[in-house]
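Lettering of chains follows the sequences in order, A, B, ..., and the numbering in each one begins at 1.
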Amino acid sequence: MGAASNAGSRLPFPVSAPRAHHFRQARSGSMTHRLRFAPSPTGYLHVGGARTALFNWLFAKHYGGQFLLRVEDTDKARSTAESTRAIFEGLEWLDLMWDEEVVYQGANLPRHQADARTLLDENKAYRCFCTQAELEEQRKLAEARGDAFRYDRRCDRLPREEVARRVASGAPFVVRFRMPDGETAWTDLVHGHIAFPNRDIGEGDFIILRSDGTPIYNLAVVSDDIAMRITLVMRGDDHISNTPKQILLYRALGAPLPEFAHLPMIHGMDGKKLSKRHGATAVGDYQHMGILPQAMLNFLALLGWSPGNDIEVMTVPQMIELFSSEGLSRKAAIFDTKKLEWMNGQHLAMTPAAELAPRVAPALIARGLTTETELESRAAWFHSLIDLLKVRSRTIDDIVHQAVPYFGEAVTYDADAVAKQWKDRSAVRELLVAVRETLASIPEWNMPSMEHALHALAQSRGVGNGKVFQPLRVALTGVSVSPGIFDVLLLLGRERSLHRIDAATAVLATNN
RNA sequence: GGCGGUAUCGUCUAGGGGACUAGGACGGGGCCCUCUCAAGGCCCAAACACGGGUUCGAAUCCCGUUACCGCUACCA
């Protein structure tokens with residue numbers, strides 16, 4: 001439909017009215033939203049993470065508010081500086097920029113400990129001296145009985161003096177949060193009402209502080225989200241079962257509850273969670289494949305969100321305009337690179353050559369085909385080359401590949417093209433000599449002159465245009481696929497075109 | 001095992017009780033355009049997981065089953 005043709009301009013449709021279900025409506029009003037993307041730096045920026053970041057960012061842009069970035073580097077064993085940098089680079093490439101200073105969770109250790117201390121002081125948490133070995137034993141026992149393991153609170157029953165004695169003696173302990181009775185529920189922006197009976201939350205009184213004094217994920221997250229005044233926690237739905245624990249922590253800490261939105265996961269083509277096995281899963285992989293960031297964003301946005309009205313190809317401003325938390329889906333999506341490539345082709349076609357040039361040029365230069373100065377001196381020519389190639393490409397790499405014949409003096413003849421189009425070598429040679437003569441004699445090197453001359457030539461020989469154009473195409477480019485023959489002639493220019501035809505006839509003169 | 005979540009063409013999805021002969025897109029097949037390749041246009045194949053309800057009427061609401069996914073750590 002009209003999506004592609006309209007994508008570059010204004011929105012060709014009215015934005016549909018909000019749906020009736022109030023739980024799908026984002027909180028509105030004068031308050032300003034604060035959202036965050038909180039990756040742990042244990043690898044590259046994954047497409048799933050990128051999509052989570054995108055939705056957080058879109059929400060902030062559409063509804064108004066801040067998009068923040070927090071690096072969850074509390075897992076010292078797995079966190080690395082390289083990963084942190086890779087995440088920044090991925091986000092920067094996608095242009096998903098954050099509004100405030102990056103927060104490093106590891107730097108907030110004192111506050112995390114203070115929050116645990118508060119909970120301890122208010123008797124909402126207690127010290128547990130059980131060792132991991134003991135706990136493991138209890139788990140095994142529970143499993144043998146066919147029961148779900150739940151911590152039996154034995155340390156919560158320790159007399160005050162005993163706890164004091166053990167602490168004084170330096171016995172290691174963790175801090176456990178005391179799970180209250182009842183039920184914990186919330187209204188999820190994508191799932192609606194979700195409730196957990198408290199007795200089913202995890203293994204009972206969960207640990208919030210390790211024996212080395214560092215916080216467990218759920219405490220660190222809640223402490224930081226409170227400190228950052230986050231109003232909407234939007235993250236993968238693998239966190240649904242963490243949410244009741246976190247809600248309990250907010251309440252215990254006396255902090256206002258944010259809203260929650262749990263996004264569906266992204267799976268590989270086999271329906272399983274995306275992993276290395278599925279090939280490229282890092283956004284950097286796609287950057288290097290020649291995918292445009294706006295196409296990546298567009299594709300990712302459609303995985304788990306739909307603007308309705310059969311709209312698919314959108315610019316970033318259009319995505320912001322159309323974004324709505326009501327269009328979020330609950331179903332896990334499969335990452336299909338075929339559609340990503342198509343999407344990229346759409347974006348390539350609608351992106352001006354001037355904007356594409358800085359992405360194409362480095363690859364051309366790296367291949368030794370040209371230099372920066374040459375490209376700069378022939379900017380208009382370079383742009384028209386890109387315009388001709390972008391519509392027949394799905395990635396930047398495709399453009400680069402197809403651009404090869406337009407640089408340098410010599411052409412490399414593709415064996416298949418030669419075999420097919422230059423089958424009768426002497427006849428083709430004779431034809432090309434005639435073509436050369438015709439082109440050499442046209443008054444001006446422009447489209448109408450060339451068209452007129454070459455059509456006349458074909459007609460006089462009683463053959464179809466293709467019979468002339470295809471052998472010529474091979475002579476000019478070395479391949480049998482290219483933009484229209486007159487565009488090629490124009491791109492190459494009179495001198496180089498004629499030279500290449502001469503070179504081809506010379507080659508054809510030799511037997512093989 | 002327990003708890004939670006999800007279920008529409010192969011894939012992304014529209015759908016919110018009657019407008020459904022279930023729409024669009026990718027991919028696949030065909031045709032048109034045409035100097036090749038793209039792009040574009042047209043056409044075809046292709047889905048409501050299953051079983052019960054509720055209702056005059058269910059893809060849509062309820063229950064169950066099944067399947068898949070997630071969580072079930074002193075990981076995040």
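A pairwise comparison of heavy atoms in A/Cys130 and A/Gln138 identifies SG-NE2, 4.5 Å as the closest pair.
Listed nucleotides: B/G4, B/C74, B/A39. Nearest to the side chain of A/Phe196: B/G4. In the set B/C26, B/G5, B/A25, B/C26 carries the atom at the smallest distance from any side-chain atom of A/Asp336. Across B/A76, B/G24, B/G5, the shortest atom-to-atom separation from the side chain of A/Glu72 is found for B/A76. Nearest nucleotide to the side chain of A/Leu135, out of B/C74, B/G27, B/G24: B/C74.
An OP1 or OP2 oxygen of B/G2 is reached within less than 4.0 angstrom by no side-chain nitrogen or oxygen of A/Arg145. The phosphate of B/C69 (OP1 or OP2) has no side-chain N or O of A/His267 nearer than 4.0 angstrom.
B/A46 sits 13 Å from B/C26 when the C1' atoms are compared, rounded to a whole Å.
Contacts between residues 220-228 of chain A and RNA chain B, defined by a heavy-atom separation below 4.0 Å, involve no residue at all. For residues 465-482 of chain A, proximity to RNA chain B is found at A/Asn465, A/Gly466, A/Phe469, A/Gln470, A/Arg473, A/Ser480, A/Val481, A/Ser482, defined as any non-hydrogen atom under 4.0 angstrom from a strand atom.
Remark: B/C61 base-pairs with B/G53. Criterion, Watson-Crick or G-U wobble with two distances under 3.5 Å. Across every strand in view, B/C68 sits in a pair with B/G5 that passes the Watson-Crick or G-U test at under 3.5 angstrom. The partner of B/C74 is absent, by the rule that a Watson-Crick or G-U pair needs both atom distances under 3.5 Å. For B/C26, the paired base is B/G10 (Watson-Crick or G-U wobble, both distances below 3.5 Å). Judged by Watson-Crick or G-U wobble contacts below 3.5 Å, the nucleotide B/A19 has no partner.
A donor-acceptor pair under 3.5 Å links the side-chain atoms of A/Asn344 to the main chain of A/Arg394, judged by distance alone.
Taking atom OH on A/Tyr217 and atom P on B/C71, their separation rounds to 12 Å, with Å as the unit.
In summary, the aromatic rings of A/Phe299 and A/His347 are positioned with their centroids too far apart to meet the 6.0 Å limit. Ring to ring, A/Tyr286 and A/Phe335 are close: their centroids are under 6.0 angstrom apart.
Remark: A/Arg127 is positioned above the aromatic ring of A/Phe173, its terminal NZ or CZ atom under 6.0 angstrom from the ring centre and at most 45 degrees off the axis. Relative to the six-membered ring of A/Tyr151, A/Arg176 meets both conditions, a distance below 6.0 Å and an angle of at most 45° to the axis.
One finds the CD1 atom of A/Ile216 at 10.5 Å from the CZ atom of A/Phe206 (value rounded to the nearest 0.5 Å).
Within the 4.0 angstrom heavy-atom criterion, only backbone atoms of the sugar-phosphate kind lie near A/Leu302; the bases stay farther away.
Side-chain N/O atoms of A/Tyr126 and A/Asp205 include a donor and acceptor closer than 3.5 Å.
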